[in-house]
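Report on one structure; see the data block that follows.
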Amino acid sequence: MKPSIPKGTRDFSPAEMLKRNFIFDTIRAVYQRYGYEQIETPAMENLSTLEGKYGEEGDKLLFRILNSGDPFEKYRQAHLEIKNSDVTEKGLRYDLTVPFARYVVMHQNEISFPFKRYQIQPVWRADRPQKGRYREFYQCDADVIGSTSLLNELELIRIIEDVFDTLKIDVLIKLNNRKILSGIAEVIGEADKIIDITVAIDKLDKIGLEKVNKELKSKGLSETAVQKLQPIILLKGSNENKLESLKNVLKDSAIGKKGIEEIETIFNLLQSLKRTARNLELDITLARGLNYYTGAIIEVKPNDERSSFTSSICGGGRYDDLTGIFGLPNVSGVGISFGADRIYDVLEEVQGFPDFSGVSTKILFVNFGEEEAKYCLQLVERIREDGINAELFPDAAKMKKQMGYADAKKIPFVALIGTEEMKNGEITVKNMSTGEQSKVTMEILLHMIK
RNA sequence: GUGAUUGUAGCUCAGCCGGUUAGAGCGCUAGAUUGUGGAUCUAGAGGUCGUGGGUUCGAGCCCCAUCUUUCACCCCA
């Protein structure tokens with residue numbers, strides 16, 4: 001049979017794993033520097049945990065796992081109609097936030113709040129694959145749960161800056177607040193249509209004002225409401241200018257004013273760190289994940305001409321009551337998630353990966369035969385004791401084969417030890433990039449390849 | 001879920017109007033070179049033309065279905 005893998009999934013070869021680990025290691029190091037602790041949760045969750053948390057669309061994109069055995073058998077025999085819930089009760093996780101909420105509720109007695117956790121694991125969505133969209137991809141989440149302080153929002157923004165600074169990706173961080181969106185819906189007299197409004201204006205960049213207005217009307221917004229909305233969604237200028245305008249627009253909305261206050265607090269905190277925040281933009285058309293965000297909404301996009309990515313590579317926000325549905329009310333959380341696979345694609349486009357040659361094996365010992373190999377084994381052990389990656393070729397293959405192996409694997413040094421070297425206690429070492437070759441002692445060799 | 005698009009050697013791709021035994025470059029293996037990789041030369045291996053049907057005297061090429069690739073919509077990391 002011809003081997004294949006499921007649609008939207010990928011294999012990762014050694015060269016790709018070096019790059020992927022560069023991303024994971026960077027994010028992990030930053031998370032740890034800010035005091036976040038790692039957890040993992042199972043690949044599969046009970047469907048009761050997942051269903052209804054991601055909206056109608058999300059439910060369709062859940063991978064459901066068929067119960068083991070032949071779950072259809074008894075229904076078939078009795079000629080009964082079969083419902084999904086009869087044959088599947090588990091599903092692959094769709095994101096890391098909902099499983100985390102479940103984790104917090106189940107482990108609430110072991111956790112001392114506020115709990116700062118990070119989690120780097122794959123998630124699965126039965127989406128049609130396309131640019132930057134896979135059916136299996138890694139999310140790198142950090143959340144703070146059990147604290148309403150806006151210092152957490154500030155910290156997450158600083159984490160985003162640190163990660164992309166380290167990865168050397170220019171980004172634009174967009175910030176909004178769900179309370180501002182609620183305020184806007186309120187002042188235009190369409191408070192109950194907030195989801196329709198936010199979904200529509202979120203597309204402003206993409207489809208333009210005209211189509212946004214058309215969508216708004218098709219969702220049942222009145223002409224006057226749409227007209228009232230125009231100056232608000234077209235707000236331009238600096239963050240300060242936008243905030244001043246919004247204060248005026250939302251002066252009669254308590255919730256709207258609260259949202260403005262939160263945004264201002266975050267900006268002020270950033271300024272107190274003497275950060276210019278030039279890559280931080282207040283964007284009131286930013287809606288995202290409306291299903292559980294209640295306060296801050298964060299989205300990060302690449303800001304580099306060489307990248308064709310217009311979709312987000314990191315997103316997040318505050319959700320006031322995510323654990324409520326699992327029976328633990330009044331616990332607020334705020335978090336972000338880096339999309340590792342999209343960051344990978346961006347780094348490829350901007351050629352931002354460092355050179356990984358020589359990060360693996362530093363020296364290969366050529367195998368000339370049983371006796372020589374046995375002798376080399378001790379030397380390889382000695383080199384590894386110093387923490388240097390070294391290997392002995394397992395077969396007494398032809399020199400051409402062994403040298404070719406070193407070449408293909410970009411191993412910078414090759415040691416050749418035959419009967420002559422064994423007798424004299426020497427090591428013939430060849431520098432594979434210059435072609436130079438010399439006879440040295442172990443001490444000198446260690447110095448050379450360190 | 002909707003609309004396009006792709007599939008020929010390990011990889012990148014040719015393949016004429018439907019016509020005999022499907023080609024190239026790179027890679028791979030072996031040799032030139034029995035203790036020396038990359039460069040060169042020589043030889044060799046490697047194909048169910050994604051899969052299953054159909055049309056035809058004849059299909060890599062046309063038709064249908066299906067899987068897959070890529071892209072857009074919806075939605076999203």
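Below, read A as the first sequence line, B as the second, and so on, with proteins coming before strands; counting in each chain starts at 1. These numbers were taken from a predicted model, which means no experiment stands behind them.
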Quick one, give me the B/S/- string for nucleotides 32-41 of chain B, reading 5' to 3', where B means a protein heavy atom under 4.0 Å from the base and S means that only happens at the primed atoms, P, OP1 or OP2.
---BBBB---
Gap in Å between the two P atoms, one belonging to U66(B) and one to A4(B), rounded
14 Å
Euclidean distance for P, U8(B) against U70(B) (whole angstrom):
14 Å
Does A72(B) have its OP1 or OP2 closer than 4.0 Å to a side-chain nitrogen or oxygen of Q130(A)?
yes
Between G50(B) and A22(B) - P atom distance, rounded Å
15 Å
Residue whose closest nucleotide on RNA chain B lies nearer the 5' end, K398(A) versus E215(A)
K398(A)
Quantified in whole Å, what is the C1' atom distance between nucleotide G7(B) and nucleotide A14(B)?
15 Å
Do the side-chain N or O atoms of K203(A) get closer than 4.0 angstrom to the phosphate oxygens (OP1, OP2) of C73(B)?
no
Donor-acceptor pair (no angle test) under 3.5 Å: R128(A) side chain, C75(B) base:
no
Any base atoms under 4.0 Å from G8(A), or only sugar-phosphate, or nothing? Heavy atoms, all strands.
sugar-phosphate
For the pair made of CD in E57(A) and C1' in C74(B), what is the distance, rounded to whole Å?
6 Å
Based on Watson-Crick and G-U pairs with both distances under 3.5 Å, what dot-bracket line describes RNA chain B 5' to 3', crossing pairs as [ ] and inter-strand pairs as |?
((((..(..((((.....[...)))).(((((.......))))).....(((((..]....))))))..))))....
Check: I284(A) and K242(A) side chains under 4.5 Å, non-hydrogen atoms:
no
Find the distance D196(A):CG to C74(B):P and express it as a whole number of Å.
14 Å
Honestly, is R125(A) close enough over F137(A), meaning NZ or CZ under 6.0 Å from the six-membered ring centre and within 45° of the axis?
no
Could you tell me the separation between the CZ atom of R133(A) and the P atom of C73(B), rounded to a whole number of Å?
9 Å
Looking at Y134(A), does the NZ or CZ of R10(A) lie under 6.0 angstrom from its six-membered ring centre and within 45 degrees of the ring axis?
yes
Determine the Euclidean distance between corresponding P atoms of C41(B) and G25(B); express it in Å to zero decimal places.
11 Å
Against the side chain of K7(A), the closest entry in U68(B), G3(B), C76(B) is U68(B)
Length of the line joining I201(A):CD1 and C75(B):P, which is rounded to integer Å:
14 Å
To the nearest Å, how far apart are F309(A) CZ and A72(B) P?
10 Å
With sequence neighbours left out, write down each residue that passes side chain to side chain contact (heavy atoms under 4.5 Å, CB included) with T166(A), or none if nothing qualifies.
T26(A)
Report yes if the distance between the aromatic ring centroids of F365(A) and F393(A) is under 6.0 Å, otherwise no.
no
Under 4.0 angstrom, heavy atoms only, what part of the nucleic acid is G132(A) near: base, sugar-phosphate, or nothing?
base
Among side-chain atoms of D143(A) and Y36(A), is any donor-acceptor pair under 3.5 angstrom?
no
Between C75(B), G1(B), U70(B), which nucleotide has the shortest distance from any of its atoms to the side chain of P129(A)?
U70(B)
If we take the C1' atom in both C17(B) and C13(B), what is their distance in whole Å?
23 Å
Less than 4.0 Å between a side-chain N and a carboxylate O, is that true for R76(A) and D70(A)?
yes
Rounding to a whole Å, what distance do you find between F338(A):CZ and C76(B):C1'?
17 Å
Taking CD from E16(A) and C1' from C11(B), how many angstroms apart are they, rounded to a whole number?
14 Å
Report the residue from I195(A), D196(A), D202(A) that forms a side-chain contact (heavy atoms from CB on, under 4.5 Å) with V199(A).
I195(A)
side-chain hydrogen bond (donor to acceptor under 3.5 Å, both in side chains) between S308(A) and E349(A), worked out:
CA-CA 8 Å; S308(A) 63; E349(A) 282 183 334; 2.5 Å; yes
U5(B) and C71(B), which share atom name C1', separated by this distance in whole Å:
7 Å
Could you tell me how far G27(B) sits from A45(B) if I compare only their C1' atoms? Round to whole Å.
13 Å
In whole Å, I'd like the distance from the CZ atom of R10(A) to the C1' atom of U68(B).
16 Å
Cation-aromatic face contact R117(A)/Y31(A), 6.0 Å, 45 degrees:
no
When we call it a touch if two heavy atoms are under 4.0 Å apart, what does S337(A) touch: a base, just sugar-phosphate, or nothing?
nothing
Do F353(A) and Y344(A) have ring centres separated by under 6.0 Å?
yes
